[in-house]
Amino acid sequence: MNSEEYKFFEFERGKITMKNENIRNIAIIAHVDHGKTTLVDCLLHQSHVFRENEQVRERVMDSNDLEKERGITILSKNTSVMYNDIKINIVDTPGHADFGGEVERVLKTVDGVLLLVDAFEGPMPQTREVLKKSLALNLKPIVVINKIDRPGSNPAKVVDKVLELFIELDANDDQLDFPVIYASAKNGIAKMSLEEESDNVNCIFDTIVKYIDAPECEIDGPAQMLVSNIDYDDYLGRIAVGRIERGTIKAGMPIVICKQEKNTQGKVAKLFTYQGLKRTEVEEAQAGDIVSLSGVADINIGDTICDLNNPEKIPFVDIDEPTVSMTFSVNNGPFAGKEGEFITSRHIRDRLFKELERNVSLRVKETDSADSFEVCGRGELHLSVLIETMRREGFELLVSRPKVIFKEIDGVKCEPVERLVVNVPDESIGTVIEKLGRRKGEMTNMEPAEAGHTKVEFKIPARGLIGYRTEFLTDTKGEGTMNSIFDCYEPFKGDIQARTRGVLVAWEQGTSVTYGLYNAQERGELLIGAGVDVYEGMIVGINSRNEDIAINVCKEKHLTNTRASGSDDALRLVPPLQMSLEKAIEFIAEDELVEVTPKTIRLRKKTLDTKTREREARR
C-alpha cells in the first residue's frame with residue numbers, strides 16, 4: 001500500500017480507518033433541465049477523456065434511446081475523470097421527480113454533491129427534494145449556478161434563494177458554508193465570482209478536491225460493498241455497481257451476497273472500474289472506489305457483497321413509496337396479436353417482475369384476475385416510460401387511467417398532495433388559477449418571473465394533476481411550464497371533476513372511410529384519418545359535448561345514377577389529433593383503456609359492445 005495515497009483518519013477498536021486521498025466521489029443533482037448532463041459533458045471534454053479528433057455527440061451520458069428523444073435523464077450513470085492524479089468518480093442523476101428513486105439510491109455511494117441551480121429559474125421543486133435527501137445523509141454540497149449567460153438570469157438573487165432553501169431544510173453549519181461556482185456548462189466556463197474571466201471549468205475540479213472529503217475506508221478489513229445499481233451485458237450477464245465500503249475486492253475471489261431474507265455464496269468473475277465512459281477491467285480495487293463486477297446471476301439493488309468469512313449487511317436507503325397506480329392487462333381486443341410479439345399474461349408478468357430488479361421505486365401486485373397486474377410508481381411519466389420501453393420490446397397490452405394511492409392515517413382517508421410550480425404568461429394567469437382551483441389547488445405563493453410571466457406555487461392533490469398538463473399547455477398557448485413533486489399525505493379533499501367532453505366511439509368493425517369521417521367531424525375532433533382499421537368500441541374522436549356518441553366511420557356513400565352540381569366535390573377532412581402515449585394516458589376516463597402495441601396506440605372503451613355499454617350506463 002502506498003502510504004502517500006492514504007491518510008490515517010481514526011484508530012478505533014483495533015480497526016484502522018483511513019481516507020483514500022486519491023479518490024473523490026460526487027453526484028450531480030438538480031431539477032430537470034438545469035444542465036446536469038451538459039455539465040458532465042463539459043467535465044469529460046476538459047479532462048481530456050476524448051481524443052482531440054474524436055467525434056462526440058451532445059449529452060453523451062444520455063445513452064438510452066428514450067433519453068435521447070426526450071432530452072431528459074432517466075437512469076443514473078457513472079463516469080470518472082482524472083485531475084492532478086486524483087480520480088473523481090461522477091454520478092449523473094435524473095432531474096425529474098418521477099425518477100427520484102434513481103437519485104436516492106446512488107447518494108449512498110458518494111461523499112458530496114454538486115447542486116446545480118438555473119441562474120434564471122432558481123430553486124425548483126426537485127431541487128428542494130434532492131437537496132433534502134443529500135443533507136439528511138450529511139453529504140457536503142457545492143452549489144453551481146448554471147446558465148449565467150441566459151438572458152434575464154439573476155445569479156445573485158438565486159444564491160440568496162438557495163441559502164434560504166438550505167436554512168429551511170435545517171442544514172448544519174458545515175453544510176451552510178457551501179462554496180458557490182458560477183458556470184455556463186454550454187460554453188464550457190466556470191468561475192468563483194462573476195467578475196472573473198474564465199475559459200475553462202478547472203475551478204470546479206479544484207473545488208471538488210478541496211471541499212469534498214476523500215472517502216473514509218477501513219482498508220485492511222474484510223471486503224464489503226453495497227450494490228446501488230444493476231447493469232446488464234449480453235456477454236457478462238448481470239453487473240453489480242456500487243462503492244467498496246471496506247477492504248479489497250479481487251477478480252476471482254469467493255464472496256457472500258447478503259440479501260434481505262438469506263445469504264448466498266458466489267464468485268467475482270470480472271471486476272471493473274470507471275475511466276471516462278469506459279469500464280476498465282482490473283485485478284483488484286480498494287475501499288472508496290466505485291466499481292462494477294460480474295459473476296453473480298441473481299444479485300439485486302440493496303444486496304451487500306461481503307468477504308466469505310465475514311458476512312455483514314449494510315442497511316439500504318429508504319426509497320419513497322409510490323403515489324400512482326395503473327392496471328396493466330392482456331390485450332383482449334379484436335386486433336390482439338396482430339402487431340405484438342409478447343401478448344400473453346405470462347410474458348407481461350415476467351417482464352414486470354424483471355423490471356422490479358432495476359427499478360427500485362416501482363411496485364407490482366397481482367390482482368384477482370390472472371390477466372391483470374397493478375403497477376405502482378412515482379407518477380405518470382415514471383409509468384409511461386416503462387410502457388414505452390415495453391412497447392419497443394414487442395409487447396402488446398392494455399393500460400388503465402392512473403389512480404392515486406390512498407392511505408388511512410389515524411382512521412382518516414388521506415391522499416397524496418403535490419407541490420406545484422407554474423410559470424405562465426400574465427394574460428393566462430386567471431384561467432390557470434381558476435382551473436387549478438376547480439381541481440382543489442391551494443395557492444401558496446405568487447411572484448413575478450421574467451418580463452410578462454408570473455410564477456405561482458400551489459399545493460394540489462395528485463388526482464387534480466392527472467390529465468391537466470395538455471389543458472395547461474392549451475390555456476398558456478404552449479408558453480407555460482409546470483413542475484410538481486410529492487409533498488405529503490393530507491385528508492381526502494373531495495371529488496374532482498375530470499374530463500368535461502365525451503368521445504366518439506366506432507359503431508362497427510371495418511376500415512374508416514372519408515364519407516363516414518366527414519359526418520363524424522361535425523360532432524367534434526377526429527383522432528383517426530381515412531383508411532384506418534377500427535373495431536366496435538374503439539374511440540375515434542372527441543365529442544364537442546359531454547356525452548359519448550357511437551358513430552359509424554365505416555359508412556360509405558351509396559352510389560346512384562343521380563349527380564348534383566357541387567354536392568359530389570371531394571370531401572375535405574380536418575387533420576386528426578395525434579395522441580402520444582402520455583397524452584392518451586392523461587385523456588382516458590375510468591371506463592376507457594389505452595391499447596398499446598409496437599406499431600399503434602389506440603383508445604378504446606373497457607366494454608366494447610355498444611348495446612352492453614348503453615345498458616350499463618342506464619343502471
Side-chain angles (χ1 to χ4, degrees), residues 96-100 125-126 129 320-328 361-363 365 367 372 374-387 399-422 424 431-444 456-476 480-503 542 546 579 581-594 603 606:
H96 202 287
D98 283 26
F99 309 111
Q126 182 69 355
E129 192 63 21
D320 287 350
E321 289 296 308
T323 55
V324 171
S325 74
M326 290 171 75
T327 304
F328 288 32
S361 47
L362 197 74
R363 303 283 183 275
K365 300 175 192 168
T367 62
S372 299
E374 187 184 348
V375 183
C376 309
R378 286 285 188 86
E380 291 166 79
L381 182 62
H382 184 200
L383 295 175
S384 70
V385 164
L386 170 60
I387 296 164
V399 295
S400 70
R401 177 180 169 83
K403 295 178 183 173
V404 299
I405 299 170
F406 294 105
K407 273 187 183 178
E408 195 162 298
I409 302 171
D410 300 329
V412 179
K413 181 183 178 183
C414 294
E415 65 176 333
V417 172
E418 306 250 329
R419 185 187 290 264
L420 172 71
V421 177
V422 297
V424 295
T431 311
V432 170
I433 291 173
E434 182 193 344
K435 289 197 174 176
L436 287 170
R438 279 191 220 148
R439 291 169 175 263
K440 310 290 183 187
E442 297 171 14
M443 193 179 1
T444 57
V456 194
E457 294 178 27
F458 294 87
K459 281 183 79 173
I460 184 169
R463 285 180 303 138
L465 289 177
I466 294 173
Y468 176 63
R469 191 173 295 275
T470 310
E471 204 176 317
F472 172 79
L473 289 172
T474 306
D475 291 341
T476 60
T481 59
M482 61 183 281
N483 294 283
S484 66
I485 193 160
F486 170 73
D487 188 49
C488 60
Y489 270 87
E490 289 187 2
F492 182 67
K493 306 272 185 187
D495 292 333
I496 293 174
Q497 186 183 9
R499 198 175 70 201
T500 54
R501 295 171 68 183
V503 289
I542 305 170
N546 63 0
M579 282 270 189
L581 179 61
E582 275 90 0
K583 280 186 181 174
I585 290 169
E586 278 190 349
F587 174 77
I588 56 173
E590 291 292 332
D591 64 336
E592 295 162 3
L593 297 167
V594 179
L603 279 65
K606 280 184 182 174

inquiry  = Checking Phe472 now: which residues fulfil ring pair (Phe, Tyr, Trp, His ring centres under 6.0 Å) with it, not counting sequence neighbours?
reply    = Tyr468
task = Mind jotting down which residue pairs meet the salt bridge (Lys or Arg N to Asp or Glu O under 4.0 Å) criterion with at least one end in residues 431-441? Sequence neighbours excluded, please.
result = Glu434-Arg438, Lys435-Glu471, Lys435-Asp475, Arg439-Glu471
key: Closest heavy-atom pair and its distance - Leu603, Ala584   = CD1-CB, 3.8 Å
request  = Please examine the side chains of Ile466 and Val404, heavy atoms only from C-beta on, and report whether any two atoms are closer than 4.5 Å.
outcome  = yes
query = How far apart are the closest heavy atoms of His382 and Ser361, and which atoms are they?
reply = CE1-OG, 3.5 Å
task = Name all residues meeting the side chain to side chain donor-acceptor pair (under 3.5 Å) criterion together with Glu592; count only those two or more places apart in sequence or in a different chain, and write none if there are none.
result = Arg499, Lys605
query = Which atom names give the shortest non-hydrogen contact between Leu473 and Gly480, and what distance separates them?
reply = CD2-O, 4.0 Å
request  = Please identify each residue that fulfils side-chain contact (heavy atoms from CB on, under 4.5 Å) with Thr474, with sequence neighbours left out.
outcome  = none
key: side chain to side chain contact (heavy atoms under 4.5 Å, CB included) between Glu490 and Lys459, worked out   = CA-CA 11 Å; Glu490 289 187 2; Lys459 281 183 79 173; 2.9 Å; yes
Backbone of Glu418 reached by a side-chain donor or acceptor of Ser484 within 3.5 Å = no
task = Kindly write out the residues that satisfy side-chain contact (heavy atoms from CB on, under 4.5 Å) with Pro322, not counting sequence neighbours, or none if the list is empty.
result = Arg363, Cys376, Ile405
remark   = Heavy-atom nearest pair, Pro416 first then Phe486, reads CB-CE1, 3.7 Å
message = Could you go through Phe587 and Val594, starting from their C-alpha distance and side-chain angles, then the distance that decides it, and tell me whether this counts as side chain to side chain contact (heavy atoms under 4.5 Å, CB included)?
response = CA-CA 10 Å; Phe587 174 77; Val594 179; over 6 Å; no
query = Excluding sequence neighbours, so at least two apart, what forms side chain to side chain donor-acceptor pair (under 3.5 Å) with Arg419?
reply = Asp487
note = Ser400 meets the side-chain contact (heavy atoms from CB on, under 4.5 Å) criterion, sequence neighbours left out, with Met326, Thr327, Leu593
message = If you apply the rule side chain to side chain contact (heavy atoms under 4.5 Å, CB included), what do you find for Ile387 with Ile585, and how did you get there?
response = CA-CA 11 Å; Ile387 296 164; Ile585 290 169; 3.8 Å; yes
note = Those residues at least two apart in sequence (or on a different chain) that pass side-chain contact (heavy atoms from CB on, under 4.5 Å) with Glu415 are Phe406, Pro461, Arg463, Phe492, Lys493
ask   = Any side-chain heavy atom of Leu420 sitting closer than 4.5 Å to one from Leu436?
value = yes
ask   = Roughly how far apart are Ile460 CD1 and Leu465 CG, rounded to 0.5 Å?
value = 4.5 Å
request  = Scan for side chain to side chain donor-acceptor pair (under 3.5 Å) pairs involving residues 402-413, sequence neighbours excluded, and state none if there are none.
outcome  = none
Side chain to side chain contact (heavy atoms under 4.5 Å, CB included) evaluation trace for Leu383 with Leu362 = CA-CA 9 Å; Leu383 295 175; Leu362 197 74; 3.8 Å; yes
